[in-house]
Amino acid sequence: MRPRELKPGIHFVGAVDWDRRLFDELIPLPDGTSYNSYFVSGSDKTALIDTVDPAMWHVLKANLDSLSNPRIDYVVCHHAEQDHSGCIPLILELYPEAIVLCTLKCKGMIADHLNVPDARVREVADGEVIDLGGKSLRFIHSPWVHWPETMMTYVAEDKLLFPCDFLGSHLATSSLYASSNESTLHSAKRYYAEIMMPFRPMVKRHLATLRKLDIEIIAPSHGPVHDVPEMIFAAYEDWTSDAVANEVVLSFVSMHGSTKLMVDYLTSALVERGVTVKRFDLARSDIGELAMALVDAATVVLGTPTVLGGPHPLAVYAAFLVGALRPKTRYAAVIGSFGWGGRTVEKVSALVGDLGLELLEPVLAKGLPVEADYAALDRLAEAIAQKHSGLDKPA
Ligand code: FEO
């Protein structure tokens with residue numbers, strides 16, 4: 001794919017990765033991704049905005065070679081993660097005059113991870129402006145979207161923002177722009193859930209900062225470019241708000257069917273009470289879909305059998321994920337069956353303990369659930385429905 005012009009003098013020179021299916025050996029990529037690098041050309045100087053994953057170096061190089069002014073004075077490094085910074089050593093080798101611009105913390109990180117020598121790096125301050133001639137780069141320090149060193153760049157002359165990971169999406173598409181296509185929000189929401197949700201307070205703060213800028217184009221480092229900034233801003237303000245929906249994320253694993261009987265019963269009991277249920281069989285589910293469901297849900301219920309004195313390993317993984325992703329979920333409960341004992345509830349509670357969730361009465365059946373267990377599930381469903389009454393966000 002050839003460089004594509006966003007504005008006069010600003011080109012997309014990144015790479016679309018149609019076939020990648022896993023990120024960080026953890027995050028499923030059902031729709032691929034892209035590594036968006038941009039070339040900004042002023043009348044005096046030029047800047048490369050981030051690079052690409054090293055596996056796509058050949059694409060970045062070909063795109064740069066095809067530009068009429070391939071000199072690079074600056075390489076803006078918004079983020080030290082290698083899917084953006086990984087080709088910086090190759091760029092510095094190819095363009096001996098180029099200097100990397102980044103935050104102080106990022107300078108240390110690219111030295112640690114990529115052996116970029118200090119002499120080729122210049123720290124930029126929050127709010128500092130670098131003039132390229134007719135175009136200027138204003139740096140906005142924005143820690144924790146996604147790592148502690150992250151920053152963004154604003155080009156006032158073009159009302160264009162480069163936010164790197166922030167406001168991006170893992171989506172390989174032939175469309176340069178998201179436009180008003182709301183289906184792109186599905187990928188953006190999944191990306192928010194997997195990457196940004198743990199940092200919700202910081203995300204809100206950075207959103208407020210960006211709202212003060214006059215922005216026509218948001219060019220992130222993954223996924224399509226937002227030419228309708230209001231669409232992604234409004235979505236992020238919704239996802240990061242404190243409002244939760246009348247939804248239960250019911251994730252479960254069942255070995256011999258007892259826990260599944262309880263999950264099926266609780267599902268019906270909740271639906272009968274007007275509560276939306278999003279179910280995830282942990283042995284088969286896409287973990288990204290689970291993360292996305294956590295963005296809005298008021299309650300999470302984990303169904304698990306007891307294995308070797310504790311929750312099933314897949315349930316441990318799900319509970320760990322909830323604890324790590326830090327959703328705004330308010331209530332949680334554990335249900336499941338056991339054979340002869342165990343400390344399942346205590347172990348799950350420890351994994352989500354610092355989220356400030358209200359833990360509802362667990363329901364644990366010895367072997368197959370009996371009438372008393374189903375009655376307890378009814379009480380749990382009723383408690384959830386009551387907790388959810390008057391929630392301010394539609395499911
Ligand atoms: Fe796209 Fe945090 O790297």
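Numbers for residues simply follow the sequence, beginning at 1. We count ligands from 1, going down the list as the structure has it; atoms in each ligand are counted the same way.
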From the list Thr51, Leu114, Leu92, side-chain contact (heavy atoms from CB on, under 4.5 Å) partner of Cys87 resolves to Thr51
Quickly, which of Asp165, Asp50, Thr150, Asp53 forms a side-chain hydrogen bond (donor to acceptor under 3.5 Å, both in side chains) with His84? Name it, please. Asp165
To atom 2 (Fe) of ligand 1, the closest N, O or S atom belonging to Glu81 is OE1
With respect to atom 2 (Fe) of ligand 1, please indicate if His146 possesses an N, O or S atom at a distance under 2.8 Å. yes
Does the pair Asp264/Arg279 count as a salt bridge with the N-to-O cut at 4.0 Å? yes
Taking backbone and side chain together, does Asp165 place any N/O/S atom at a distance below 2.8 Å from atom 2 (Fe) of ligand 1? yes
Under the criterion ring-ring contact (aromatic ring centres under 6.0 Å, His included), which of Trp239, Phe199, Phe166 is the partner of Tyr192? Trp239
What's the verdict on ring-ring contact (aromatic ring centres under 6.0 Å, His included) for Tyr191 and His170, showing C-alpha distance, side-chain angles and the deciding distance? CA-CA 6 Å; Tyr191 181 92; His170 284 310; 4.9 Å; yes
Just to confirm my numbers, could you give the angle made at atom 1 (Fe) of ligand 1 by NE2 of His84 and OD2 of Asp83, rounded to 10°? 90°
Atom 2 (Fe) of ligand 1 to nearest N/O/S of His79 below 2.8 Å: yes
